[in-house]
Amino acid sequence: MRFADPYSVSAALRASSAASLLRPGQQAHALALTSSLASNPLVAARLVDMYSACHRPAAAALVFDSAQPSALSNPVLWSTLIAGLVQNGDARSAMERFRSMRAGAVEPNRFTLPTVLSACASERAIRFGRQVHGCAVRAGFCSSRFVQSSLVSLYSNCADLGSAKRILESSYSDDPISWNALIVSCTRGALHADALSLFAEMHRRGLELDEFTYPSALNCAAYMGDSGTGRCIHCLVLLTGFDSHMHVANALVDMYGKLGSLNCARQVFDRMPNRDVVTWTSLLVGLARQGSHDAALQLYSDMRVHGVDPDEFATAGVLSSCAGSTALELGRQVHAASARRGIDTFLRVSNSLITMYARSGCIKDACAVFDASPRRDAVTWTALIVGCAQNGRGRDSLRLYDEMLEAGVRPDYVTFIGLLFSCSHAGVVEPGRAHFDSMEKVYGIAHGPEHYACMIDLLGRSGRVEEAVDLLEGMSGKPDATVWKALLAACRVHRNAGLAERAAERLFELAPADAVPYVMLSNVYSAAGRWGDAGRVRSLMRARGLSKKEPGRSWMEQDGAVHVFRAGEGEHERAAEIFAKVGEMMQRIGEEEGHTAETGFALHDQEEEGKAAELAHHSERLAVAWALISVPPGKPIRVYKNLRVCGDCHTTLKLVAKVYERTIVLRDANCFHHMREEGFCSCGDYW
DNA sequence: ATAGGGTTAG
C-alpha cells in the first residue's frame with residue numbers, strides 16, 4: 001500500500017486540509033485506521049486539522065477523544081483541536097477544551113494561547129480571558145506579538161480600551177494586526193470616532209495599512225454616514241492598489257450602499273473581476289435599503305445565473321426585498337430553497353422569513369416560522385410583535401411581549417416601537433403608558449421620536465388629543481416630522497382643524513418636500529365641510545411645486561405574475577368584464593346592505609386618484625373585481641395598494657367580503673386589512 | 001505538526 005507509513009499519510013492529510021477536501025481526507029483516515037496509524041500523535045494531529053478544515057468539528061473532536069491517553073499529554077494535539085474549534089465558530093467548546101487541558105496538567109505553548117485568547121475575545125469572556133492572560137504572563141509568552149494582538153482583541157472586545165491601548169503601545173506597536181483588532185472593536189462598539197482616529201494615527205505613523213485595515217475603516221465610515229471620509233479612504237485604497245482585494249472591494253460596495261450612493265456601489269461592483277456571495281449581497285442590501293426592491297430581486301436572479309449560491313446573508317437580504325415588494329410567491333420559493341440548504345433555521349433567515357410573511361399578510365405562516373425557530377432573539381420576537389399588530393392582532397402582540405420577557409429575552413429600542421405600535425392598534429391606553437414608562441425606568445432605553453409618535457397616535461386615536469399635545473410639548477428632544485405627523489393624523493380622525501393647522505405649519509418647515517401634510521390638512525378641512533380651505537391648501541401645495549403625485553395603484557400576484565390596476569383604467573384586456581363586475585359589486589352591496597357612497601373621502605390621503613375616476617373605479621376595487629372573477633372560491637383574495645385605502649373603498653370592500661363570502665386581505669401603505677365574511681376589518685376601522 | 005485582526009442582515 002502506498003500510504004502505509006505515517007509520513008505519507010500525514011502528507012495526504014495535509015493536502016486535504018489545505019484544499020478543504022473531505023473525501024480524500026476520509027480516505028487517508030481509512031488508510032490510517034487499517035494501518036494502525038491513527039493513534040500516532042503526528043497523524044492524529046493531522047486528522048484533527050483535516051476535519052476542522054473541512055468544517056467537521058464533531059469528527060475532529062471524535063478523533064481527538066479516541067486518541068491514545070499518551071497522546072493527550074502532547075500540547076500540539078490540544079492546540080490543533082482548540083484552533084479547529086475556534087475556526088468553526090465554536091469558541092465556547094474551545095475554552096472548555098482549554099480548561100480540560102489545564103486540568104490534565106498539560107502546559108499550553110505559545111501557539112495555544114493566542115487561539116484561546118481569540119476565543120475569549122469573540123465570546124467577550126473577560127474573566128476567563130484574564131486567567132489566560134495570567135497564564136501567559138507566568139509562562140513568559142507575553143512578548144509574543146501573537147499573544148499581544150489577541151490580548152488587544154480581548155480587551156477591546158470587552159470594552160476595556162485602556163488595557164487594550166496599553167498593550168498596543170507596550171511593544172510591537174508597529175504590528176498592524178493589533179491596530180486592526182482595536183479598530184474593529186471600536187467600530188463594533190459604536191466608538192466610530194475612536195476607530196477613525198486610530199486609522200488616521202496608523203496612517204500618520206506610516207504603519208502598513210493592509211487588506212484588513214481598509215474594510216474596518218470603510219465599515220466605520222459607513223456606520224457614521226460620513227461619505228467624505230469614505231471617499232478619502234476609497235482614494236487611499238486606489239492609490240495603494242488594495243482595490244484588487246475582494247474583501248476591500250466588498251467593503252466599498254457595502255459602504256456606498258449604506259451611504260445611499262448606489263451609483264458608486266454599482267460602479268465598484270461592475271469593475272470587480274471576481275465577486276463572491278458577499279459582493280452580491282452587499283449590493284442587494286444597498287438596493288433594498290433605498291427601497292429599490294425590484295432591482296434587488298433582479299440582482300438576486302442575476303446572482304443565481306452567475307452560479308453563486310445564496311448563503312444565509314443573501315437569503316435574509318432577498319427575503320426582505322420580497323417583503324418590500326410583496327413578492328409572496330418568490331418569498332415562498334426562497335423559503336423552500338433555504339430549507340433544502342438547511343439554512344432556514346438560521347437566526348437571521350427565520351427572522352426575515354417572519355417579517356416577509358407578516359408583511360405579506362400571511363400571519364399564520366409567520367407564526368409557523370416563529371414556532372419552528374430553534375433560537376429567538378429580540379429581532380425574532382419584535383418581528384412577530386409588529387407583524388401581529390400590522391395584521392390587526394394587537395392583543396396577540398401584547399401577549400407575545402409578555403412571553404418574550406418570560407423567555408428571558410431583553411427588549412430593545414425597536415421592540416418598544418413595535419410594542420407601542422401594537423398598543424396603538426389595539427387601542428389600549430393604560431398598557432401603552434405603562435410600557436412607555438417601563439422602557440426608560442426598567443430597561444434604561446431612552447425614548448426616541450418613534451416612541452413618542454406611537455404614543456401620540458395611541459392617545460390621539462382614543463380621543464385624548466390634549467394629552468397627546470402635552471406629551472409632545474414635554475418631549476426631551478425637539479419633536480421631529482414623524483411626531484407632528486402622528487398628531488396631524490389624530491386631528492384627521494377627530495376633526496380638530498385648529499390643531500391640524502398648527503401641526504401642518506410645523507411640518508411645512510420640517511419636511512418642505514413632503515406633500516403628505518398638505519393633503520392631510522386638506523382632508524381635515526374637507527371632513528369638516530370647509531371646502532374653500534381644503535381647496536386653498538391644495539393650491540398652496542401646487543404653488544410650492546409639490547403637486548407631482550404618486551398615482552394610486554393596486555396589484556395582485558397571480559400564477560407568478562403581477563397584475564397592476566390604476567384608477568379608472570380601461571387598459572386591462574378584460575376591462576369591460578372588470579367594470580361590469582364593479583357595477584355588480586356596487587349593486588349587490590347597495591341592495592343587500594343598503595350601502596351608499598361616502599363622498600367626503602373623495603379627496604384622498606395621498607392624493608386624488610384623478611378627476612376622471614369616480615370612487616367606484618379606485619384601483620383597489622378594480623383589483624378586487626378582477627380577483628372575484630379569477631381567484632377560485634375559498635381562496636383568500638390578496639390585494640396590495642401603494643397609497644392608503646380611502647374610507648369609502650374600505651367600507652365597500654368590507655361589504656363585498658360579506659356578500660360574496662370571501663376573505664379579502666388588502667395591504668395599503670399603512671397596514672393590513674383582513675376583511676372576512678362577517679363584514680368586519682382587522683384594522684378596527686382605524687388606519 | 002499547532003497561532004493573532006476583516007466584509008454581508010434585521
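All figures in this text were calculated on a predicted structure; none of them were measured in a lab. A, B, ... follow the sequence lines: proteins, then strands. Residue 1 opens every chain. Computed over heavy atoms, backbone and side chain alike; hydrogens, waters and symmetry mates excluded.
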Closest to the [X] side chain: [options]?
X: A/Arg46; options: B/dA3, B/dA1, B/dG4; result: B/dA1
X: A/Pro176; options: B/dT7, B/dT8, B/dG5; result: B/dG5
X: A/Ala45; options: B/dA1, B/dG5, B/dT8; result: B/dA1
X: A/Thr115; options: B/dA3, B/dT8, B/dT2; result: B/dA3
X: A/Arg289; options: B/dT8, B/dA9, B/dG5; result: B/dA9

How close or far is atom [atom2] of [N] from atom [atom1] of [X], stated in whole angstroms?
X: A/Tyr155; N: B/dG4; atom1: OH; atom2: P; result: 19 Å
X: A/Phe141; N: B/dG4; atom1: CZ; atom2: P; result: 16 Å
X: A/Asp344; N: B/dA9; atom1: CG; atom2: P; result: 20 Å
X: A/Arg145; N: B/dG5; atom1: CZ; atom2: P; result: 15 Å
X: A/Asp311; N: B/dA9; atom1: CG; atom2: C1'; result: 10 Å
X: A/Leu113; N: B/dG4; atom1: CG; atom2: P; result: 12 Å
X: A/Arg110; N: B/dT2; atom1: CZ; atom2: C1'; result: 10 Å
X: A/Tyr256; N: B/dT8; atom1: OH; atom2: P; result: 16 Å

Given side chains that start at C-beta, do those of A/Arg46 and A/Thr80 come closer than 4.5 Å, heavy atoms only?
no
Between [N] and [X], is there an OP1 or OP2 to side-chain N/O distance shorter than 4.0 Å?
X: A/Asn40; N: B/dA1; value: no
X: A/Ser320; N: B/dG10; value: yes
X: A/Arg188; N: B/dT7; value: yes
X: A/Arg348; N: B/dT8; value: no

What class does the angle between the rings of A/Phe64 and A/Trp78 fall in, given that below 30° is parallel, 30 to 60° is tilted and above 60° is perpendicular?
perpendicular
Determine the interplanar angle of the A/Tyr214 and A/Phe242 rings, folded into 0 to 90°, and report it as parallel if under 30°, tilted if 30 to 60°, perpendicular if over 60°.
tilted
Under-3.5 Å donor-acceptor pair between [X] side chain and [N] base:
X: A/Ser150; N: B/dG4; result: no
X: A/Asp175; N: B/dG5; result: no
X: A/Ser79; N: B/dT2; result: yes
X: A/Asn109; N: B/dA3; result: no

Cationic N near anionic O, under 4.0 Å, [X] to [Y]:
X: A/Glu96; Y: A/Arg102; result: no
X: A/Arg275; Y: A/Asp302; result: no
X: A/Asp309; Y: A/Arg341; result: yes

Touch class at under 4.0 angstrom, heavy-atom based, for [X] against every strand present:
X: A/Asn219; answer: sugar-phosphate
X: A/Ala316; answer: sugar-phosphate
X: A/Val76; answer: base
X: A/Glu312; answer: nothing
X: A/Val379; answer: base
X: A/Asp377; answer: base

For the base of B/dA3 and the side-chain ring of A/Phe111, does the geometry meet a stacking cutoff of under 5.5 Å between centres and under 30° between planes?
no
Under the criterion of centre distance below 5.5 Å and interplanar angle below 30°, is A/Phe146 classified as stacked on the base of B/dG4?
no
Is there a side-chain contact (heavy atoms from CB on, under 4.5 Å) between A/Tyr51 and A/His29 once you walk through the steps?
CA-CA 10 Å; A/Tyr51 280 117; A/His29 188 184; 2.7 Å; yes
